[in-house]
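Remember, it's a predicted structure, so these values are computed and weren't measured experimentally.
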Amino acid sequence: EVQLQASGGGLVQAGGYLRLSCAASGLTFHDYAIGWFRQAPGKEREGISCINSSRGSTYYADSVKGRFTISSDNAKNTVYLQMNSLKPEDTAVYYCAAARAPTIHYSGSYYFAPLYDYWGQGTQVTVSS
């Protein structure tokens with residue numbers, strides 16, 4: 001059974017930082033790209049970052065570029081999202097998801113949710129002003 005466990009959310013003041021973790025089990029980590037998505041109340045889900053460890057590729061949405069960093073520890077089957085300079089508009093539930101790496105690579109659609117096969121349960125990030 002494939003499981004993705006997202007953790008690390010919390011309450012932080014604007015300008016602060018958090019590190020989210022996405023621990024994967026039940027899949028061959030190297031074969032998958034891991035994406036981070038977020039959804040704020042009343043808003044559509046937004047893809048914000050993706051890592052394709054098999055190709056050493058990382059991608060960021062404009063909304064987080066320069067502030068967030070995605071990385072992976074293949075030995076631990078874990079992907080991290082370091083979030084710095086947090087803003088109130090970053091408040092959302094953050095989800096990690098896994099997609100077959102070739103699918104993401106050849107489609108170039110890093111944040112197209114239907115391409116992702118497995119989803120974690122989400123972790124709440126709240127940024128106060």
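By the 4.5 Å heavy-atom criterion applied to side chains, Glu1 and Gln3 are counted as neighbours. Taking the side chain as every heavy atom from C-beta outward, Thr123 and Tyr95 never approach each other to under 4.5 Å. At a threshold of 4.5 Å between non-hydrogen side-chain atoms, the residues Phe112 and Ser107 do not count as touching. Using a 4.5 Å heavy-atom threshold, the side chains of Phe37 and Arg45 count as touching. Taking 4.5 Å as the limit, some side-chain heavy atom of Leu115 sits within range of a side-chain heavy atom of Ile104. Proximity of Asp90 to Met83: side-chain heavy atoms (C-beta onward) are nowhere separated by under 4.5 Å. At a threshold of 4.5 Å between non-hydrogen side-chain atoms, the residues Val2 and Asp117 do not count as touching. The side-chain heavy atoms of Gln39 and Glu46, taken from C-beta on, include no pair separated by under 4.5 Å.
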Are Cys50 and Tyr116 close enough, and set up right, to give a side chain to side chain contact (heavy atoms under 4.5 Å, CB included), and what steps lead you there?
CA-CA 11 Å; Cys50 176; Tyr116 285 79; 3.5 Å; yes

Given salt bridge (Lys or Arg N to Asp or Glu O under 4.0 Å), test Lys65 with Asp62 step by step and report yes or no.
CA-CA 5 Å; Lys65 196 174 296 182; Asp62 288 342; 3.3 Å; yes

Carefully, step by step, assess Leu11 and Val125 under the rule side chain to side chain contact (heavy atoms under 4.5 Å, CB included).
CA-CA 6 Å; Leu11 173 64; Val125 171; over 6 Å; no

Thr126/Val12 under side chain to side chain contact (heavy atoms under 4.5 Å, CB included): CA gap, chis, key distance, verdict
CA-CA 6 Å; Thr126 303; Val12 65; over 6 Å; no

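Contact detail for Ala14 and Pro88: the closest heavy-atom pair is CB-CD, 4.1 Å. The nearest pair of heavy atoms linking Cys96 to Ile34 is CB-CG2, 4.4 Å.
Put simply, CZ on Arg67 and OG on Ser85 are 7.0 Å apart, with the number rounded to the nearest 0.5 Å. In this structure, the separation between OG on Ser25 and CG on Leu4 is 7.5 Å, given to the nearest 0.5 Å. With values rounded to the nearest 0.5 angstrom, Tyr60 atom OH is found 8.5 Å from Tyr111 atom OH. Here the OG1-CD1 distance, from Thr58 to Ile51, works out to 6.5 Å after rounding to the nearest 0.5 Å. The OG atom of Ser7 sits 8.0 Å away from atom CD of Gln121, with the distance rounded to the nearest 0.5 Å. From Ser63, atom OG reaches atom CD1 of Ile48 across 7.0 Å, with rounding to the nearest 0.5 Å.
With Tyr106 as the aromatic partner, Arg55 meets the cation-pi criteria of under 6.0 angstrom to the ring centre and within 45 degrees of the ring axis.
The backbone N or O of Tyr32 lies less than 3.5 Å from no partner atom in the side chain of Arg100, so there is not a single donor-acceptor pair. Not a single donor-acceptor pair under 3.5 Å links the side chain of Ser49 to the backbone N or O of Trp36.
Between the side chains of Tyr94 and Arg38, at least one donor N or O lies within less than 3.5 Å of an accepting N or O. For the residue pair Glu89 and Thr91, no side-chain donor N or O sits within less than 3.5 Å of a side-chain acceptor on the partner.
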Could you pull out every donor-acceptor pair under 3.5 Å between side chains of residues 68-79 and any protein atom, sequence neighbours left out?
unit_1	atom_1	unit_2	atom_2	d
Ser72	OG	Ser53	OG	2.9
Ser72	OG	Asn74	OD1	3.3
Asp73	OD1	Ala75	N	3.1
Asp73	OD1	Lys76	N	3.3
Thr78	OG1	Lys76	O	2.8

